[in-house]
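Here is the structure we will look at, set down as structure tokens.
These figures come from a predicted structure and were not determined experimentally. Residue numbering restarts at 1 for every chain, and letters A, B, ... go by the order of the sequence lines.
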Amino acid sequence: MFTMTVRTRIAPSPTGSPHIGTAYIALFNYAFARKNGGQFILRIEDTDQSRSTRESEQEILDALNWLGIPWDEGPDKGGPCGPYRQSERTAIYREHALSLVEKGKAYPCFCGEARLRELRRRQAEAGQDKLGYDGLCGGLDPAEAARRMRAGEPHVIRLRVPAEGECAFKDRFREEVRIPWNTIDHQVLLKSDGFPTYHLANVVDDHLMGITHVIRGEEWISSTPKHLLIYGAFGWTPPEFAHLPLLRNPDKSKLSKRKNPTSILYYRRAGYLPAALRNYLGLLAYSLPDGRERFSLDDMAATFDFSRVSLGGPIFDPQKLRAFNGAYIRGMAPGELMGECRKWMLNDDAWLKAISMAQPRLALLSDLVPMTAFLFSDRPGAAAADLAAACGGDAGLAAQRLKLAQWECEKSAAWNKDVARGIFDRIAGKENVKLKDLLRLFFLALSGAEVSLPIFDSMELLGRDMVVRRIQYALEALDAAGTPLKGKALKALSERYEAAYCAAQ
RNA sequence: GCUCCCAUCGUCUAUCGGUCAGGACACCAGGUUUUCAUCCUGGGAAGCGGAGUUCGACUCUCCGUGGGAGCGCCA
């Protein structure tokens, strides 16, 4: 008798810093697969050509490796269902999309961006509840559509969605979920650049990779009908779905980097222990039958049960995570802790870099540690008044420059001193200020002192995410001192930023 | 606006019809410690509202209310 083994997956998109939410979802997928003696797969969803980067992909692997959530198959280690990177599977998606067109389950759409924008505008104006594509090209004569496709007319492939009735499916965490079909858009499956959208690629890959259980964030509930429809169109048996509650900010909104550090790499750099972070993430939506709060990955995997997952959107509480981390540290033997410190930053590799920077400024060996302390800390603690003073006493200006730099750093995939230098050169140019004058603020924000070690070398050793975090600390200090950057002012700055820094060349 | 999801201390949660509603973080008080931290002890702190079902509801049903998510050629 053929028994299907449980296969789960995490399918992150390599756009930006590896997100704490990715680790959270990965953790549950891993635990469920392990509990059932199945496999856990890592698949890279890099179908967004404009935003995906190889650097980001590597960071995801590094982050998950550091966190200690191992996968059985993935782009780095291969497996029977490869390739595990969607950009290398485009032929598969194209072929599948076309087969759907042949079956009449999908159709080519020749509507350009202009028509769609106009359509959306009209719908909004009319106060229409259901926005989205009107299905115009769905009514095209198939022969005519095929002719236009062959003629090379730009087009996308859209899914044909029933106009009436509803889609009902079972979510392993809840009761049956029912969603009316008329609220589902005629989803684009294949983009005009020939790449699939998430929806197509995701379904095709989950099927081809033998995924039996899709455990993902709650944000996907409303697009599950589309996915089910695609499975049905192919004649495939869909996997089981289980939607986890989303991690939240203190104000209950979906966890965002604006209100919390969300980069796993920041937590690594700041000195959180993988075991503590894993435990905390698990605790957010899972509890052991015996009620213990301190538990290992193995504990979670051994006891894992869908019924023990709680559904209220948990607020990610940095304070409790910190307390947890402290408890882990205090629970270790000193020798063991020393090992953790070595893995972290207290090793020859990091010290050599720090020493190289400090050497020209050193008179005594004992100057070394005080001089480099900021490289090893989390928050250097720059005072708001000093930050303002570094901008000629203008706290508002300081906040704006910090924010601009933060945005620029965040979006940079590669990171080293030259990249950092480039970013600040560019800002100095756009803001019409001398680099030297601009940098005074950042010496303070990043090192806590007005004069310090070479700043770009420091930034390299600090790492992108720690730099971003320290800028955030500085912004928080200014905010606390009565110079908030939010609401209209933030929006205005953001618009100016988009126009001046992001416009296509 | 429309669709869907969710709802126990400030926060994360336990409870699967009968409990003084338990634990953890945070907070407060006390104790141990040459300081601090740790550690220990104690304290305040919760079932969103209204109908039902039931001998009995935090627990089941319905209606409100509140919060969240989704509504892209992003994932």
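Taking a pair to require two hydrogen-bonding distances under 3.5 Å in either a Watson-Crick or a G-U wobble arrangement, C9(B) remains unpaired. Shown here, U34(B) forms no base pair; nothing in the strands shown gives a Watson-Crick or G-U wobble contact with both key distances under 3.5 Å. Under the Watson-Crick and G-U wobble criteria, each requiring two contacts below 3.5 Å, nucleotide C2(B) is paired to G70(B). Across all strands shown, G18(B) pairs with C55(B); the Watson-Crick or G-U wobble distances both stay below 3.5 Å. In this structure, A46(B) makes no Watson-Crick or G-U wobble pair, since no nucleotide meets both defining distances under 3.5 angstrom.
Applying the 4.0 Å criterion to OP1 and OP2 of U13(B), one finds that Ser310(A) has a side-chain N or O inside that range. Contact annotation: Lys254(A) side-chain N/O to G70(B) OP1/OP2 distance is under 4.0 Å. Side-chain nitrogen and oxygen atoms of Arg292(A) include none within less than 4.0 Å of the OP1 or OP2 phosphate oxygen of G23(B). Phosphate proximity of U15(B) to Arg308(A): present, with a side-chain N or O under 4.0 Å from OP1 or OP2. Considering only side-chain N and O atoms, Lys191(A) lies under 4.0 angstrom from the phosphate OP1 or OP2 of A75(B).
Using the six-membered ring where Trp is involved, Trp236(A) and Phe234(A) have ring planes that are parallel, under 30° apart on the 30 and 60° scheme. Relative orientation of the His227(A) and Trp220(A) rings is tilted, given thresholds of 30° and 60° on the angle between their planes. Note on ring orientation: taking the six-membered ring where Trp is involved, the planes of Phe304(A) and Tyr286(A) are parallel (angle under 30°, cut-offs 30° and 60°).
When heavy atoms are screened at a 4.0 angstrom cut-off, Arg174(A) is found touching the sugar-phosphate backbone but no base atom. At the heavy-atom level, Gly291(A) lies nowhere under 4.0 Å from the strands shown. Looking at heavy-atom distances under 4.0 Å, Val156(A) makes contact with a base.
RNA chain B is contacted by both Ser287(A) and Pro196(A); Ser287(A) maps to the nucleotide lying nearer its 5′ end (nearest heavy atom per residue).
Checked against C25(B), G67(B), C6(B), the side chain of Leu311(A) finds its nearest nucleotide in C6(B).
Taking the P atoms as reference points, C6(B) lies 23 Å from G10(B), given to the whole Å. C71(B) and A26(B): their P atoms are spaced 38 Å apart (whole Å). Comparing G22(B) with C63(B), their C1' atoms are spaced 32 Å from each other, to the whole Å. Using atom C1' as the reference point in both G23(B) and C9(B), the two lie 12 Å apart (nearest Å). Straight-line distance between the C1' atoms of C73(B) and G47(B): roughly 47 Å, to the nearest whole Å. For the C1' atoms, the distance linking A51(B) with A69(B) amounts to 29 Å, nearest Å. Remark: the separation of the P atoms in C48(B) and A57(B) is 16 Å, to the nearest Å. Here, U32(B) and A46(B) have their C1' atoms 33 Å apart, quoted to the whole Å.
For residues 39-66 of chain A, proximity to RNA chain B is found at Glu45(A), Thr47(A), Asp48(A), Arg51(A), defined as any non-hydrogen atom under 4.0 angstrom from a strand atom. In the region residues 105-123 of chain A, proximity to RNA chain B at under 4.0 angstrom, judged on heavy atoms, holds for Cys111(A), Leu116(A), Arg120(A).
In this structure, Arg9(A) forms no cation-pi arrangement with Tyr84(A), as its terminal cationic atom is not both closer than 6.0 Å to the ring centre and no more than 45° off the ring axis.
When atom types are taken as modelled, the side chain of Asn65(A) and the backbone of Leu61(A) share a donor-acceptor pair closer than 3.5 angstrom. With Arg160(A) contributing its side chain and Gly104(A) its backbone, the two residues share a donor-acceptor pair below 3.5 Å. At distances below 3.5 Å, not a single donor-acceptor pair connects side-chain atoms of Asn260(A) with backbone N or O atoms of Asn249(A).
Ion pairing of Asp48(A) with Arg51(A) is present here, as a side-chain N (NZ or NE/NH1/NH2) and a carboxylate O approach within less than 4.0 Å. A salt bridge is defined here as a Lys NZ or Arg NE, NH1 or NH2 lying under 4.0 Å from an Asp or Glu carboxylate O, and Glu73(A) with Lys77(A) fails to meet this definition.
For Ser192(A) against C73(B), a side-chain N or O and a base N or O form a donor-acceptor pair under 3.5 Å. Between the base of G23(B) and the side chain of Glu293(A) there is a donor-acceptor pair shorter than 3.5 Å. Residue Lys320(A) places a side-chain atom within donor-acceptor reach of the base of A24(B), judged by atom type and a 3.5 Å distance cut-off alone.
Checked against the 6.0 Å centroid criterion, the rings of Tyr93(A) and Phe195(A) do not qualify as a close aromatic pair. Aromatic ring centroids of Phe32(A) and Phe28(A) lie 6.0 Å or more apart.
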